[in-house]
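Below is one structure, written out as structure tokens, with a few remarks after it.
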Amino acid sequence: MRHPRLNSDAKILLIYVQGLPDIACDKALGEHANDLGMKPRAYSRAKEALAACGFLHEWKEQNRHGRWTTEQLISNVTLTREEASALRDGVPVAEVPKAGRPTVGFSRGRGVGGQLPGDEDWDKTYSHPPTKAQAPESEPGQEPREAPETPPAPEPEEAAAPEDPAAPEDPAAPEVVVAERVLLSLRHQSRDLLLGVREARGLAESAAEWLRRGVSVADLRHALTAHLPRGGVRSAVGFLRHRLTEKLPAEAAPQAAQAPQAPQAHPQAWPDPSAPAASSPARPAELVTCDGPGNTHVFRPAGDETFCGPCRMEEAWKAHERRFQPRPEKGAPIPWRERVDAILQAEPS
């Protein structure tokens, strides 16, 4: 009843059903919720919570008459699907072991002895820790004990020789890093090309040689994933190693060194009087009188035309109408009643 995932409606429904007599077992759970005045939405949420927590189990079966029936089992403890099926079939389920009864008696504190440790001195207090090991004081009547000799501190080892700055380092080349990423990303295009990290590092140097020879990343990925075998790739490492070795492109031809260009002079702020004068821009054409109809008007021709733009467009429309005659307009459609009357009048009586 104290399950954290059960809401109040689920708890009320569970308590109500557990208190019903045996004669009410044949009644559906929804009818009990209706008796409690629970709304359909609230009943649906309560039912889902009871089923999710293992308090409610349902079985849907089709009987011999073809009708579907639903059998519900509700319990006051959580049950798995197997335990609920066993209870439904009449098989007893093993009881859950309960917590045992507490042991009779009272708890006692931990016994503490009265003997002080031998290495601690409770009579003297030092403000600073001693720099040397002090010998413990001997009891009266006993010979003083010698303080144990402290082993000499080991001499500090000589500082490690500084690493040779000229020692060659072996950082991964940028082409190798890019090639390794490409190899690891091939699994997104084909599952058969799935590689491990160690396998990709073993093939990264061969793939980096492609990049050094001018092949782009997209072309490298296409060369490794195009035209895969129909039966699938048995070994991704062997397949990719074969392609990287057999399809290795030729080395790119070395480019000729370009000659250094002479420095260009900065443009002068003022024109050089000694420089030849630049040609003047072309002047617009003069205005010409249009030969078209209407009032006299002028235009600026682009060539040797004698009509302005609007007059040329009007002439073009006229030529179009002369070539393509418009269709004659049809009269208004006659209503069907008038057509029927005309047919009846035309028929001989």
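Just so you know, these numbers use all the heavy atoms, side chains as well, and skip hydrogens, waters and symmetry mates.
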(message) Run R213 and E175 through salt bridge (charged side-chain N to carboxylate O under 4.0 Å, His left out) and show every step you take.
(response) CA-CA 11 Å; R213 297 192 178 189; E175 296 87 358; over 6 Å; no
(message) Assess the residue pair L344 and V340 against the criterion (side chain to side chain contact (heavy atoms under 4.5 Å, CB included)); give the C-alpha distance rounded to whole Å, side-chain angles, the decisive distance to 0.1 Å, and a yes or no.
(response) CA-CA 6 Å; L344 293 176; V340 170; 4.0 Å; yes
(message) Assess the residue pair K47 and E58 against the criterion (side chain to side chain contact (heavy atoms under 4.5 Å, CB included)); give the C-alpha distance rounded to whole Å, side-chain angles, the decisive distance to 0.1 Å, and a yes or no.
(response) CA-CA 11 Å; K47 182 179 178 182; E58 292 183 345; 2.7 Å; yes
(message) As a quick check of understanding, evaluate side chain to side chain contact (heavy atoms under 4.5 Å, CB included) for K60 and T69, giving each step before the final call.
(response) CA-CA 6 Å; K60 294 184 178 181; T69 59; over 6 Å; no
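Shortest non-hydrogen contact noted between K11 and L6 is CE-O, 3.5 Å. Between Y43 and G30, the shortest heavy-atom distance links the atoms OH-N, 3.3 Å. Annotation for A200 and L184: closest pair CB-CD2, 3.5 Å, computed over non-hydrogen atoms. Considering every non-hydrogen atom in both G54 and S75, the closest pair reads O-OG, 4.3 Å. Residues C311 and G292 come closest through the heavy atom pair SG-CA, 4.1 Å. Residues C290 and C308 come closest through the heavy atom pair SG-N, 3.3 Å.
L20 is connected to F55 through a chain of hydrophobic side-chain contacts under 4.5 Å among Ile, Leu, Val, Met, Phe, Trp and Tyr, so both are in one cluster. The cluster map of Ile, Leu, Val, Met, Phe, Trp and Tyr, joined by side-chain heavy atoms under 4.5 Å apart, puts L36 and L29 in the same cluster.
Here the CD-NE2 distance, from Q72 to H32, works out to 8.5 Å after rounding to the nearest 0.5 Å. Rounded to the nearest 0.5 angstrom, T225 OG1 and H222 NE2 are separated by 7.0 Å. The line from CD1 of I15 to CG of N76 is 10.5 Å long, rounded to the nearest 0.5 Å. The CG atom of D9 sits 4.5 Å away from atom CE of M38, with the distance rounded to the nearest 0.5 Å.
For E315, there are no side chain to side chain donor-acceptor pair (under 3.5 Å) partners, not counting sequence neighbours. Taking the salt bridge (Lys or Arg N to Asp or Glu O under 4.0 Å) definition, one finds that R212 meets it with E205, E209, sequence neighbours left out. For E31, the side-chain contact (heavy atoms from CB on, under 4.5 Å) test picks out K27, A28, with sequence neighbours left out. Here Q345 pairs with nothing under the side chain to side chain donor-acceptor pair (under 3.5 Å) rule; sequence neighbours left out. Looking at residues two or more places apart in sequence or on another chain, you find a side chain to side chain donor-acceptor pair (under 3.5 Å) between E61 and R88.
Its side chain within the 4.5 Å cluster rule, L186 clusters with V178, V182, L183, L193, L195, L203, W210, L211, V215, V217, L220, L224, L228, V233, V237, F239, L240, L244, L248 among the Ile, Leu, Val, Met, Phe, Trp and Tyr residues. Grouped by direct or indirect side-chain proximity (heavy atoms under 4.5 Å, Ile/Leu/Val/Met/Phe/Trp/Tyr only), I334 sits alone. F307 shares a hydrophobic cluster with no other residue; no ILVMFWY side chain has heavy atoms under 4.5 Å from its own. Other members of the cluster containing W68 do not exist, because no ILVMFWY side chain is joined to it at under 4.5 Å.
Counting heavy atoms of neighbouring residues, nucleotides and ligands inside a 6.0 Å radius, atom NE2 of H188 exceeds 12 of them. Counting non-hydrogen atoms of neighbouring residues, nucleotides and ligands closer than 6.0 angstrom, the CD atom of Q62 exceeds 12 such neighbours.
By the 30° and 60° cut-offs, the orientation of the rings of F324 relative to H320 is tilted.
In this structure, the side chain of E199 engages the main chain of G196 through a donor-acceptor pair within 3.5 Å. With hydrogens and angles disregarded, a donor-acceptor distance shorter than 3.5 Å links the side chain of H57 to the backbone of L79.
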Residues 294-301, side-chain donor-acceptor partners within the protein, below 3.5 Å, at least two apart:
| from | atom 1 | to | atom 2 | distance (Å) |
| --- | --- | --- | --- | --- |
| H297 | ND1 | N295 | O | 2.7 |
| R300 | NH1 | A285 | O | 2.4 |

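Within the structure, the salt bridge (Lys or Arg N to Asp or Glu O under 4.0 Å) test picks out no pair touching residues 225-247 (sequence neighbours left out). Sorted by first and then second residue, the salt bridge (Lys or Arg N to Asp or Glu O under 4.0 Å) pairs with a member in residues 176-198 read E180-R201; sequence neighbours excluded.
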